[in-house]
Each structure stands twice: as structure tokens, then as C-alpha cells.
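In what follows, a single structure is set out as C-alpha cells and then discussed.
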Amino acid sequence: MAADKGCIRRLQKEFKQLCKEPPPNIKAKPSPDQILEWHYVLEGSAGTAFEGGVYWGKVIFPKDYPFKAPSIRMVTPNGRFAPNAKICMSMTDFHPETWNPMWSVASILTGLLSFMNDDVLTSGSVSSTAAEKKQLAAVSLEWNLKSPIFKKLFPEYVEESERRKERQRAEELRERSRKESGQSGTQQGAPQDSRSKQGLPLWAGAAIGCVLLGIILLPVLTLDFAPPVK
Amino acid sequence: MEGPSAVAGYEEEEDVCRICRMPGEPDSPLYYPCQCNGSIRWVHQECLLQWLKHSSTVSCEVCKHPFTFSPVYAPDAPSRLPLWELLKGLISKVTRGSRIVARLNLVLTVWLVIVPYATSWLWRLAFAKTWSMQEDLLPQLAPLQLLSDCLFGSFLSAGIVFTFLGATAIKEYVRQLQEPVLAEDARQAEPEGVVAAFNAGLRDGQEGAAQHPVGPENVGGPGQQNVEVPQAEGLQLLGAAAAGGAGAGGVLEVDNGAVEVPFEELIGMQGPILNLLENAITVLVSNALFLGAVVMVPFHVGRLVVLALEGSPVLRSGVARLQGLKGSFLVPEVMDKLAQVAASLREEVAVVSNWSEPLVRSVTGGPNGSSISALTSFLAFGGEETWSKAVGNSTAFGFAAEETGSLSENSSFAANVSTLGEVINATVSGNISEASNSTSLLPGGVPKTADLDVSDATTLFAGYSVLVLGLCLWLTAWYGVKRWRGESVLHRQRGVGAVIAAAPEAGRQVIAGVRYFMTSVKVSFLLGLELGVFPLLCGWWLDFCTFALLGATWPDRLAFLEAAPFTCALLHWLSGVIYMLQLSVFASLNREVLRPGVLSFLRDPTDPNYNPFRDLVEEPLHRHLRRVALSLVIYGVLVVLLVFIPIRLALAACPALFPLNLRFSDPFTEVPADMLLFHICIPFTVEHFKPRVTVKWLLARWFEVVGSALGLAEFLLPAPGDGAGNGNGNGNGNGNGVAPVGEQQLVAQMANLEIDEIAETPNLPSNEAAAPPDISDGLFPLRIVLLILLGWLTLLGFNALAVLVPLSVGRAVFAQVARIPVASAVAHCNDIYTFGVGCYVLWGGGAAVRYLVRYLQTHDLVSMAKQVCAWALISCKAAVLLTLWLGAVPLLVGLLFELLVVVPLRVPVDESPVFLLYQDWALGLLFLKIWTRLVMIGQGPLANDAWRARFEQIQALGLRNVRVMWTLREIILPVLSTLLTALCAPYVAARGLFPLTGSSLLVSSLVYRFIWQWCLAAAVLWKTAGLIREWARDLHNSIRDERYLVGRTLHNFGQPAEPVPSAAPTPAASEHHSTGVEPSWFAQLRLNEEGAGPANSEGSAYTSPQWEGPLHEEQEVASEAVGADEFFGRDRPSEVTSAMEEMRVWGGTDGGPSRSASGVYGPARAFEMGCAAGERGLESRAQLTRQKSLHGAEQSESVDAEWALSQEVRRRAGFAAQARYKQQCESGDFR
């Protein structure tokens, strides 16, 4: 590993600090075989379209880390950032001029989480509707669990997934029972009114065309083509 | 007074460096160099230095406090260097500098001479007809020729680069828009094509190498060369594929993915010198490939066509001979790079000749060449024939040759994806051109057909048309084969099948490539149409319709067009653009006034869904064309209705006024006056009259009145409750949005569309929000037509009056003015000014009347009289000042400028200059305006804070409180006296003093002519001398620093720069100071490098007082505190006041904990806490943070809390805190 000693020590320190005081909704840990590659998990903030979503991503630190900005990418499809594309923020290597060595993994990820709730479009972000985001949030955890790396790094989410499934099943049951009790009003299909567009009659078009032509010809007709009298 | 380490024991959590997160060690203590507090307070000196090196800043990026370092010199450093040391340093600097200069020279030579020259040579090479001709073109090193070649070459290179970039951009865009499958295909296809081409090329190379030694007539040259060439061919084929890719942006796309390289490294100023070479060669090669693909190939194809047209039998015999002489041409034909395709491919010449023959026939009007279907069927059937012939030919070379041929054919197909068929054409045409070359080179066998008298451009054009035609035919053939014969055909014919087996894949890719290409062609065509031709036509039509106004005639304009076609076109284009812009502004005003949805048939440029460029790419051509045609009609009609007819009306009403005088030759309309108009009058008009608001108001009133009269108010105007929020409700309501560029409001021409829309609206449920309230009325269309008619009539009248009234008023004014003898020239001035003056007069009168009426509604006559008197006084004062400022000062400025610049340049020495005072004044006014603007911006060479403060004060006072004497004393008189000195002193010297010396008339007139320049030069010299002195001092300092500087010491915030050991009572502090001077990384490096280690770094650092850089912190604080007192003395901003109050409460007066804190931590720490307290106080988080600051300000604040503080708040808090610190210092309040 070509990283500086200072870089590694600082990352270790940050990891310790992160374990001691984890910021809300954020988890991060270095990849077991590469300290410069960290994996993080953001839990979608309550009250946003990302609620319930579990977003997994990577932070890649440069070799001279506290002096240069890391790059961030989000692996989980989320409707806000393009999956696996570098995200452009003041705290990533897209803007080396705004980087500040006082920032840490925790602050970067906090910033990322709040930037996620924003909807400014920058490089690496995509636009989508709230419904799409919700949809993606709902399937995000299962999506992540398809990856062995994720499962290995964040085993707690396997249990979380089980718990969620359990809850969902219970809810479905309740829903079904309620439906069965009140089986009545089915919607009737709305009649599709598709009257074709009514065009102008031919004569009107021709008349308007003639009027237009006449108007256009007006200056030409009044023009005096005779050579100017000298 | 203690150092930082005294604190460490007190805290539960140890302090860590904000960069490396490590605690301080005895040999690398922590510092607090800026105002930051909390967890980001501490930092190691090494970390900070490293960070500063990385970020190349000098201040904290959070609090913006500049870090203070004091230089640490070796103990034997003199305050002034002895001469020999100075010289030594100078020499070493020069040596270092010359290395950079040499590198720079190299880089410049490579990029500005070698690469452009080679490119231009390549360009000429592309047009070379024979090798001997090329020899003539080889370097002619006449300097002028070289220069022009270099210039041309650099333009060419730049053009190529931009082509690549543009192609990449369009391709990216199209790729984003089109379905991902296609994009995916194309992406995959490129590398495949390249790889296939590469493989084939290698094969060919081997094949060729195997063949040549055994070739029967290997007469061309040494065999070694023969072997080498084919090997090179493989690479070249690869290159051709890559070049084709570059045509569609392939090469650059690869670049996009690469890591970004800094510019210096890219051009070779930094990094290994080989990179420079590599980059230059890359550029050259890509240029060569581009030129080869874009110029050379079509050119030679064109030549072949020309040859074939002249006499195809010649070609045929040439080809026949070629077959016999295969292999013998390789050596002399280095010239044709692309023509050196492997020998095994040579049979294609026959194919091509077979193809080109009927082609030529069809071009020349053969009976069966007219319709495409005929051609298609010809190719479907005849193509097979041709192919079998080709196979037959190739069997002459054995089976291996055939295989190679088909393989390379395959590769060419694949490469076609990205090259749009150019690679295949390159291969084929390479052979063709080779054939033609050989034809011309054959000794006496064939007549030299290359001497045809056809220009290069024609040949190129012919080549391109043939290529395009060939491409079309090939595509058609491909489609034909696929559709009519299906797979069975491909399998039946072995030879063909081998070629076409890979075709489905390749074909799809070709189609994708062709689609990219066609799209970009379409986009550029449409852009040219909409942005170039359309405005031009509009401009011409506008001009045509205003002939009566301007007194111009058709023959006049034609003569103008003939005399200056470019100027004429530009003027018309410009007027067309302005007209279109005006219309679209008007339409947007209407959109703001009307109910959203009424104008939905027009494109709304603010609609987020409206993306003109995407439309350009996506919509089919005929729809665009239809739209453009429709817009053209509408614009034409609008010009007639809104310009032509009003002008006619005005003309009929007041024939005496016309034609207008718009000649640009009378003295009043020379440059300065125009600049006055555009720089001063128009901005003033826009700023003060707010035409947009006025017009909008008028429109709204008009719609209200007319709408209610016609019963359409509900339909037209937004409901009272409607905000502007639901705008664009149905902006995409229907697909026949009319104008691509601009639009117009209620005009009869759009009635049809509007009615369409109305009829349609109920059918679109999504539009319900904006649906018109009632549309069931049968008379509705009639009403709309009436509305439009009324609108037109109103505009008609308005336009006619807008021409007539201001003009007549302006003419009257000028007629009055012209009675004054001096200004008689004014009587016939340009009517632009007449119009402008008329407008101003009308507006002024209207405003005065309005103001009077309003004033009289609330006041009586007496108070009005008083008011009038007061204003009269004010206006007298202002008039005096303005006359001086806008009259005298500009005049002097202009005169000075004329004397300095214009007269020596334009008036011969033996003539005496005539000063046009009016022009001088106008010019001076412009200069004055520019100068004031620059001063107010506060940047640039003329920035001057004192002046800025004065101007700002004037602005703040306003017209009502104008202070005549102050303004005179502070502003006008200094300016005037400076100007007068600059004008008069030289004059007096030249006219009064110099003649006393008794020199001749000529000399004294020369002196008089040039004395202002001399004075200016003297002033400049004086300034320069000052600069040079400063520069020399800097140089001395830097040399001394190199020699004697052993390190730098970081200063804690608020700590004096010079360590005063006696003032440090506690051991901690002295320890701190002694460690502070130990050599940094920088010094260590230096010591290691030079081995010159006189530095005794332990505590005995020598700080030179005389040459020393940074201001002492204490002085700084003191001066800033004084400044703060002065600054805030009179009216202190409330935040600062409150901050100071809070400071007082928490820091000093409120005694208790804080006092004890200062007892424990010393004043600096208390000051820190005060700062923090001040900031937090400003943040209105008083309660929470107050506790914190009282009971433990040193507790870690979270980092983001620090971010939250804005810079302004910090600055002010710093001010307040420093002031407080000063107070504490003075009162000795610490203990």
C-alpha cells in the first residue's frame, strides 16, 4: 500500500472516532483489505422520499488523504445519484479547491446525506420523481444484500432485512383480511374519450392562406420598380 | 501569559491536530494559528505547512485568518548581503531561470513551429498529385513562407481539435438522447472495429511480408524496405480505424475516460520531456489521420473520378498493368500512406473499377442509372457478379490471399461503425489512388492523365460526392440483399458469404454510425437555417418594408450588396435578429399579462420541458422545415402589418417628415456620438423609464378594456385568485407550436391555431386547470377575430404615432436649437438623435405633468411653490457641479487624450492640428465613465479606495442633500487641477520656456508636438523606477532567504511575532518558544540539500528586523482595534454592538468564571474564549453557548458548528473581540 503513514494513522483515528460517536443514520468502515477504500451506508432521512432506503456506497481516499479530497460514489440505485458515478460536491475530489483537511469521514457523509435530500443537479446526480425515489428506497436493502461485500461488511442489515420482511408479511396479512371484509366497490374503467382533433375546414385554411399571401404581397405591389429619376 | 501546553492537562479529551488528528508531541507541539476554536483549534506546524503547500493558500479556509510565520535566519545572516554573495545568488537564479526558459523555448518551438509546420505540410501532401510534386513541396525555409505555414498549420490544428471536440459533444448528446441499446451497441462496436482492423492489418502485414520476397518483379528497391513497409501497414490500418473513430469522436472519448492531466504537463512544461514528444507525435498523427481521412482520400477519389470521366479505358489499362506489376510500386509510393494497404488487398482495385464503371455510366446519364430502384437491383444482382469476379481475381493469389482479403473486408465493415464508411473507402480508394498514381507513373505506357485541368476544390467535391454516393449505394445494396434474398443468398455464395457473414452485426453498427452522422448533419443544417438564413431573410424583408421610411430604393440596396456583400449581409442579419428578439420579448410580456394557457400554442422558452436542442436532434427534418416555413410566413406578415402599414400611414399623414436622415457620415454621428448613445443614453433609458413595466401595464389595461367590451375578459385574463404559480399549465398543450425562435401575440395568422387549441382543450383532461372558463358560445371565434383585429388596429395606430410624434417633436427642438448660430449644424442631424430627443422631451413633459397633478392632489399651491423653490436651488447647485463634472472634466480629458495619442498619430508634423472640441468632450465623457466605473468596482489598475469612498459618499447623500463646497473641494478640484497641470505644464514649457533657448521654429514646433508624450514617458519612468527598486529589494531578499533562511516559525493567534523570552513567566511558554524555532521540513530539506549548516536552530534564532516580512501580531491587533473604534465610533452596526455587549457581559464585567478562566489560561486564551463567545452570541444561540463558553469553552465543538458561522459574522466578531482584548490590555484587567 502506497499510502502515507500519516494518512493511515488519520484514517484509523477517524474510524475509532466514528465507532465511538457514530453520526445519526450513517455507518462507515474501511474495506478489510484496503484502508483507502471505505464503505458507507446512509439510511434515508425520515420524512423524505428516501425514508426506509439503505444506501450503500464507497469513499475512496487518495494516498495523501487529509491533504486531498476523497471521491465518493453511491453503489445502490437511489434516484438521486447515478449508481457508481463520482459525486460532485464541495467535499469531494470534484472540487479540490474547496477541500479542507479539517473535514472528516463523518462530516463528509453528513454532508452527503444532506446533499442527497437536496435536489440540486450536479455531475454524478440524476433526476427522478419522488415516486421513483420511494420505489428505489423500498427495494434498496434487498438490492444491497445481493452483494456479498455488503453482506460481509454490514452483517447487521441481514437481520434488518429479515425484520422488515416479517413486518411486511404481517402487514400484508392485515391488509388481506381487511380487503376480504370489505369486498365491494371495484372501480369501473373510465371511458376513454378520444375524439380526434378537429381540423380546420379546407376552405378556411385556403382563405387564411390567401389573406396571408395578400398581406405579404402588399409591399411588393406598392413598390416602385421604375428606376429613380436622377 | 502561558503557552498552550499548560492547558492540556486541564482537558478531559486531549487536543489533537486538526489535520493529522494526532496529539502534540514534545518535539512537535500543537499551535493555534487562527481564530478557529473547538476541535479544529490545534495544528502541527508540519501538517499546516504541508497543507499550505498542497493548497497554495496562506490563510485559514474556515476563518480566513492569515497564518503568521516569522522567518528564522541563520545566526550569521547579514542584514544586507555582500556584493559577491548577491552576485552568486543572482547567477544561480539566472541559471535556474534559463533552464526554465530553455524548456519554454522547446515547448513553444514544438507546439508553435514544428507541429503546425508539419500539419501544413501534411495538408499540402494531401493535395499532392505525384511524388515528384511533393518533393517540390518539401521544406522551403524562407522565413515568410515558414511563418505563414506555421500560422496556417496552427489554425488547421485548432480546427481539427475543435472538430473532434464538437463531434464528441454532439455524439455524447445524441447518445444520451437515443435509446440505450443503440448507444450500447455503438460503444461496444468501436473497440471491436479497431481490434478487428488491427488483426486484419497484422495479417495483411504478414501476408505481404511473405509475398514480397517471392514476387517475380520485385524491382522497386531493396527487399528490406519491402518487408518493413507491410508491417507498418498493419499499424496504419489500425490508425485508419482509429482516425475514423476520431471522426465520430472515438479517440477523444477514450481521452474523456482518462485521468485529467494538468495543462502544464500536457504541453510539456512539466514532467518528463518524453511526454512532450509523445504528445506532439500523438497530435501530429491524429492530424495526419484526420487530414488523410477527410481530405486526402476524397481528393484522390475525386481525382480518380475525374480520370474515369476523361477516359475509363485508360484507367482500365492502368489497372491491368497494375495487376502485372504488383509489388513493384511499394517503394516509391511512400507518399500515399493509406494507399499502402497490403498487397493481398490489391485485387479490390479490380472490384472498384468494375463498380465505378457503371457508376460513371450512370452519372453520365446511362439509361438504367436514373432511378434508385434500378441501381439497387443492379447492385443486388450485379454486385454478386462483381464479387465473384473479385473472388476469381483473388484466386490468382491463392486461397490464403482470398481469406486475407475477406478478413480485411470484414474488419473494414466493423470499423465502419465508427468511421461511417470511411475506412472502407480509405482502403478501396487507397488502392484506387495507388492505381491512378501508378497509372501516371508508368513509364510511357499510359498518357499522363493527372494533368487534367481541374481545380483541387472541384476534385475534392467530386471525391466527396462519389464517396457519399458509394455509401448510399452500399447501404441500399445491403438493405436490398437483406430484405429480398434473406439469409439464403448469403449462404449460397461462398465468396460473398464469407464477407457478409459478419455483416448483420456490422450492418447494424454501420446504421448506428450513419444515424449519428446524419443527425449531426441535420442539426448543423437546421442551426444554420434557423440562426443564419432565417434572420437574414427577416432582415431583408424588414429592410424591404421600410424603404419608404428611409428613402431607399431597390437598386440602391442591390448596389450596396454588390459593393459590400459581407457588411450588407451582416447588417440585415443583425436587424433580423433584433426584430425577432423584439417580437419574442413582446410575446413574453403578453404571456405574463394573460391567463396561462391562452398563449399555449406558442412555445414558451421558460418551460422546463422545452428543450430546443433536443427537438433539433429528435424531431424529423420535415417537421422542422414546416415549422420554419410557417414562421417565415408569420414573420413576413407581421412585418407588413406592424411595420409597413404604419409607416405608410405615417407617410400619408406627414409626408414632410420623410425620408429620414440616417446617414452615418455627418460629424454628429462619428464614433464618439454613437458610443455616447449606446453607453450612456440607452442604459439611462432602460434604467429610469423601465419600458418593460410600462408596456406591461399598458398591455394589461388594454386587455382589460377590450376583453370586457368583447366579453372575453374571463377567457383572457387570469382569475383574481390565480397566482402566477400555475403558469405553463399547458405549455405543451399541442404539438404544432409554431415558431421555432420567436413568436407573436394576437395576430390573425394564428387564429387557426388558437381555435384549434380551443377546440382541443376540453379533450385533454390534463389541461383542465387552464381550460378556458366558457367556450360553448357559438360567437366565440368571431369574438376572437374581433379581438385580434382590434389588437392589430391598436398596434397599428401606436406604431404610426410612435414614429410620427417623437420625430416631429425632435425636429422642432432641433430647429429651435439650430437658430443659435454655433449649433446650426444640428438642423440636419441624424434622425436617430431627433427621435431620441423627441422621446426624452415627451417623457419629461409627461413625467412633470404627472408629478404636478399628484402633488396638487395632496398639497396646496403655496407649499408647492416652496417645493419648487427648494428644488430650483438644488438644481442650481447641481447644475454648477454637473457642468464642471460633465462638461469641463470630460473636455479636458478628451483634449489630453487627443494631444497624447491622436495628434501624434494622425497629424503630420508640418501641419497644425484642429481640435474638434465636441468629439473630445464625448470621448472624455466615455473615459470618465469608464474610470468612475472602474473605481467603483474597486479592481484593476485604476482602483483607488479614497476615490471610491468619495463617490460612495456622493451616492449616499443623493441629489437632495448635495454639498457643493465639499464636492468641489474633494472631487472636482483635484481632478481639474491634475488635468490642468497635465495639460498646461507641458504647454507652458513648450511655448513659454523653450523658445527662450532660441532654437529654430521647426525644433520648437516638434517640441510642442511631442512634449506631452515626453512628460508621460517621464511619469511612467518614474513609476517604473519605483517598481524596479522594489523588485530589486525583493530579489535581494529572496537571495538572502535562499542563503540564510533556515526555517519558519508558526505563530499562535494573537501572539507577537518576535519571541520575548523575558515576558514569558511560565516554563510552558518558554518551552513553547524554544520549540517553535526548530527547523521545519523546509529547513531540513535545505540543510540536507546543501549541507551548509550554519544553522544553530536551538533557541538562538536570529530574526532580522530590517528585512522582515510579516507585521507583528500585537501591532496588528492594536491597529485593528483602533480602526474598529474609529470605524464603529459613530454608527456602530447593531450586531457588533450586541456582540460587544455580550463580550463585556461574558468576558469582563460579568466577572466570575470567565475571570477565573483568564486567570487560569492567560490573556490569549481568554481572548480566544471571548472570540468564541462573540461569534456564538451573533449566532443567536445565546443560551446554549453561553453555558458552554462559561463552563468550558475548550470543550470540543463539533466541526459543522464551525462551518455554520459565516465569514462576515466571524470578521465582525473578530473585530469586537480584538477591541475587547485591547481594552483588557490597557486596563490590565487580566489578573
Side-chain angles (χ1 to χ4, degrees), chain A residues 4-7 9-14 16-17 21 23 64-68 90-91 93 96-104 106-108 110-111 114 190 192-201 204-205 207-209 211-220 222-228, chain B residues 16-22 36 39-40 43 46-48 50-57 60-62 541 544-548 553-556 632-634 636-641 643-645 647-648 734-736 748-753 755-756 759-760 762-763 765 1198-1200 1202-1203:
Chain A
D4 292 352
K5 222 177 5 171
C7 167
R9 268 195 307 192
R10 159 139 178 181
L11 286 175
Q12 283 164 346
K13 202 85 188 219
E14 280 194 37
K16 249 182 248 167
Q17 183 68 24
E21 292 172 19
D64 36 5
Y65 157 55
F67 301 107
K68 286 207 177 138
S90 62
M91 281 183 276
D93 57 354
E97 73 283 356
T98 53
W99 168 249
N100 184 336
M102 301 170 208
W103 287 332
S104 63
S107 57
I108 291 169
T110 315
S114 70
Q192 203 65 354
D193 181 63
S194 57
R195 212 156 26 110
S196 65
K197 191 177 130 189
Q198 191 180 341
L200 271 190
I208 289 172
V211 170
L212 295 190
L213 199 69
I215 293 174
I216 287 225
L217 283 180
L218 209 57
V220 183
T222 56
L223 196 69
D224 188 10
F225 275 104
Chain B
V16 290
C17 168
R18 67 184 178 193
I19 291 177
C20 71
R21 303 283 151 100
M22 290 293 147
C36 291
S39 68
I40 58 168
V43 70
E46 298 90 274
C47 296
L48 185 66
Q50 206 178 345
W51 166 240
L52 293 184
K53 206 175 76 174
H54 264 281
S55 64
S56 51
T57 54
C60 172
E61 38 296 307
V62 178
W541 184 240
F544 187 76
C545 287
T546 49
F547 276 174
T553 58
W554 196 229
D556 286 350
L632 208 57
V633 169
I634 287 167
V637 168
L638 282 180
V639 171
V640 174
L641 288 177
V643 178
F644 178 75
I645 296 182
I647 285 173
R648 285 276 151 176
N734 64 23
N736 48 2
Q749 301 71 37
M750 290 192 176
N752 53 346
L753 295 173
I755 291 163
D756 259 5
E760 189 183 14
N763 299 341
S1198 68
V1199 182
D1200 49 355
E1202 299 290 339
W1203 298 345

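Below, chain A is the first sequence line, B the second, and so on; all start at residue 1.
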| request: State, to 0.1 Å, how close B:C60 and A:M102 come at their nearest heavy-atom pair, and which atoms those are. | output: SG-CE, 4.1 Å
| field | Non-hydrogen side-chain atoms of A:K13 and B:V16 separated by less than 4.5 Å | value | yes
| task | Please report the shortest heavy-atom distance between A:S104 and B:R21, naming the atom on each side. | result | CB-NH1, 3.6 Å
| request: Write down the atom of B:V637, the atom of A:I216, and the distance for their closest heavy-atom approach. | output: CG2-CG1, 3.6 Å
| task | Output the distance between atom OH (A:Y65) and atom CD1 (B:I19), rounded to the nearest 0.5 Å. | result | 11.5 Å
| task | Measure B:V43 against the heavy atoms of chain A and call it side chain, backbone, both or neither at under 4.5 Å. | result | neither
| query | Nearest 0.5 Å, what's the CZ-OG distance between A:F67 and B:S55? | reply | 9.5 Å
| query | Can you name the residues that form a side chain to side chain donor-acceptor pair (under 3.5 Å) with B:R18, not counting sequence neighbours? | reply | none
| request: Under the side chain to side chain donor-acceptor pair (under 3.5 Å) rule, collect the residues that match up with B:W51, sequence neighbours excluded. | output: B:E61
